[in-house]
Amino acid sequence: MSDNTNRSGGSKLSRRGFLAGAAASTALGLSASTAIAQQHGDLCSQAGVDCGTVATGADGMVVSVSPEASEVGARVLRDGGNAIDAAIAVQFALNVAQPHTSGIGGGGFMLYYDADADEVEVVNSRERAPAGATPNMFLEGGEPIPFDERHTHGNAVGVPGTASGLRRAAACYGSRPIEELIDPAIDLAANGVPVSGYLADRIVEDEWKLNDAAREVFVPDGEPLEEGDPLVQPDLARTLELVRDRGIREVYEGEIAEAIADTVQDAGGSMTVEDLSRYEATLDEPVQGSYRGYDVYSMSPPSSGGLTVIQILNLLEPFELGENYDARDGTKYHLLAEAMRLAYADRGEYMGDPEFVEVPSEGLLDPAYVAQRRELISPDELNPDPQPGNPWAYQSGEAPSASRPTERAVGQTTHFTVADAEGNLVSYTTTIEQSFGSGIMVPGYGIMLNNELTDFDAEPGGANQVQPNKRPLSSMSPTIMAEGGEPFLTVGSPGGPTIITSVVQAILHHVEYGLDLIDAIDEPSIYAPESPEITRWEEGIPEEAREEAAELGNEWVESVPIGNVNMLRANDVYEGAADQVREGLSVGIEETAD
Ligand code: GLU
């Protein structure tokens with residue numbers, strides 16, 4: 001069993017936090033002692049529960065960025081809920097504990113391995129453009145509006161999908177009434193959760209864009225909340241109670257829908273209650289590929305994630321990186337960067353919402369097409385101008401006209417994983433796009449609204465241009481890998497376009513290099529969508545390796561942490577690992593004989 005020392009929850013709650021939290025809870029009708037008891041969940045000290053950066057459990061596992069949310073999910077599993085029940089509870093809890101990264105104001109992709117059906121399914125709750133969206137709404141004087149301006153405008157807010165997705169998941173695969181699964185989040189919102197170090201940093205960084213309602217919550221009396229302070233959200237608690245008592249439709253047709261539409265319109269957007277009432281999360285198929293004999297299931301368009309992850313893995317496969325190159329070898333980084341550049345060229349050219357554009361998914365993963373693309377990769381020199389290929393030659397259908405998208409900003413999504421005793425697995429990446437999304441909180445309701453529509457190209461004309469009711473291209477890549485038909489690995493990350501390369505490298509580090517999950521997560525990674533830059537790279541890459549790759553023509557640009565990967569491995573027991581860049585927690589469950 002692993003250490004219990006990485007908790008960033010109760011132990012970091014300051015005395016100031018305690019008292020203020022207790023006072024706020026008392027105001028909400030709870031006794032201070034009840035509130036304090038609830039703030040100090042004791043799950044991790046109980047028999048049969050293993051908590052840590054890495055944890056194991058024979059009968060269940062939750063890995064998330066938030067200790068509170070992981071514990072909420074683990075409790076659902078312990079009470080007999082299945083992986084979907086726990087995932088729903090985790091998402092609601094994350095909405096409260098990490099409101100800057102995901103929630104009912106956003107959307108996401110849930111990959112689900114249904115052990116009974118032996119199938120991987122997708123619950124797709126990606127946000128949609130409202131009916132009033134136009135292809136040129138992010139242009140001014142023919143030029144893209146600067147990102148800081150366009151992502152905080154009402155036009156950036158997509159019709160949120162998360163609540164609809166949770167309802168769909170519960171109806172199709174859950175075993176518990178959704179109302180029960182909201183209760184822990186209501187408690188957390190009413191009683192307060194300790195502000196994590198990561199959230200505290202983000203509040204300082206993003207204070208400039210928060211509207212008045214959000215400032216009241218995150219910057220009370222003009223003072224940004226600090227690590228350990230209680231984050232108490234009575235408006236959000238009431239909103240979640242409304243959802244519990246009146247149903248999820250409340251978000252799409254009721255008073256919450258009206259408040260969302262009014263708020264977006266006040267911020268200059270066009271969203272109406274009709275847009276919200278039309279929204280339905282969809283059940284989709286994942287993309288499927290194979291790598292080194294393993295089956296790889298990942299997110300299909302409107303995410304570019306799955307196709308691009310699998311393409312990069314397939315481009316690299318014959319190079320047998322693990323056998324031929326050290327994990328920190330300069331040529332290895334060069335080959336990785338070259339594969340990324342080719343795959344990102346195709347991604348930019350061909351990918352968009354499949355309801356609006358034909359995506360050549362088959363051609364992009366056709367082994368003959370990938371082999372042809374691989375000829376453009378040499379261990380000895382840089383390809384100075386990687387261009388998109390022609391995957392249409394490898395499948396039926398006709399190429400639509402398309403153009404390269406504009407570069408997108410790296411956002412602050414979150415990824416979590418749940419596994420239950422029956423072998424069901426959830427790999428779920430969920431988002432409001434940037435940290436705090438658009439910065440717009442619905443006044444009186446505590447919901448942070450996404451800015452997902454900035455994932456569209458600002459300039460019209462390409463596969464990913466803005467169109468009414470369309471879903472913007474995503475990079476989110478929740479992934480499940482199987483061996484001999486048995487799922488054994490889940491992986492996912494936040495980080496906008498860097499998500500794809502974080503997921504690829506976590507897989508390579510674990511599968512090619514045989515690193516343990518946490519070492520696979522910690523092993524430095526790179527992000528190189530264009531030539532000749534290695535746009536981002538992580539500390540730990542040796543100077544000699546950087547020199548070697550530079551001699552081949554690569555330019556190392558910015559050294560910065562990339563992504564926040566969570567992984568789970570299913571063998572005889574589950575093992576979970578949480579990236580510590582954001583203080584995550586794995587909680588494993590093992591039934592004990594009473
Ligand atoms: N909006 C991003 C996407 O869908 C996710 C947010 C992020 O982590 O950058 O790709």
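Order of listing sets the numbers, starting from 1, for every ligand and every atom in it.
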*Asks:* Is E285 atom CD crowded by more than 12 heavy atoms from other residues, nucleotides or ligands, each under 6.0 Å away?
*Replies:* no
*Asks:* Side-chain contact test, heavy atoms from C-beta onward, threshold under 4.5 Å: evaluate it for T152 versus I440 and give yes or no.
*Replies:* no
*Asks:* Between ligand 1 and P494, is the shortest N or O to N or O distance under 3.5 Å?
*Replies:* no
*Asks:* Report the residues that fulfil salt bridge (charged side-chain N to carboxylate O under 4.0 Å, His left out) with R202, sequence neighbours left out, ordered by chain and then residue number.
*Replies:* D206
*Asks:* Which word best sums up how the rings of W208 and H151 line up, parallel for under 30°, tilted for 30 to 60°, or perpendicular for over 60°?
*Replies:* perpendicular
*Asks:* Please state which part of T431 comes within less than 4.0 Å of ligand 1, counting heavy atoms only: side chain, backbone, both or neither.
*Replies:* side chain
*Asks:* Looking only at N/O atoms, are L473 and ligand 1 under 3.5 Å apart anywhere?
*Replies:* no
*Asks:* Going by the order shown, which atoms of ligand 1 are within less than 4.0 Å of some heavy atom of D455?
*Replies:* 1 (N), 2 (C), 3 (C), 4 (O), 10 (O)
*Asks:* Within the structure, is a non-hydrogen atom of Q434 found at a distance of less than 4.0 Å from ligand 1?
*Replies:* no
*Asks:* List the residues meeting salt bridge (charged side-chain N to carboxylate O under 4.0 Å, His left out) with D295, not counting sequence neighbours, and say none if there are none.
*Replies:* none
*Asks:* Check ligand 1 against E452 and write out every atom of the ligand that is under 4.0 Å from a heavy-atom position of the residue.
*Replies:* 1 (N), 2 (C), 4 (O)
*Asks:* Using a strict 4.0 Å threshold on nitrogen-to-oxygen distance, state whether D201 and R582 make a salt bridge.
*Replies:* no
*Asks:* Identify, by atom number and element, the atoms of ligand 1 in contact range of R126, meaning under 4.0 Å from any of its heavy atoms.
*Replies:* 4 (O)
*Asks:* How does E127 reach ligand 1, by side chain, by backbone, by both or by neither, if only non-hydrogen atoms under 4.0 Å count?
*Replies:* neither
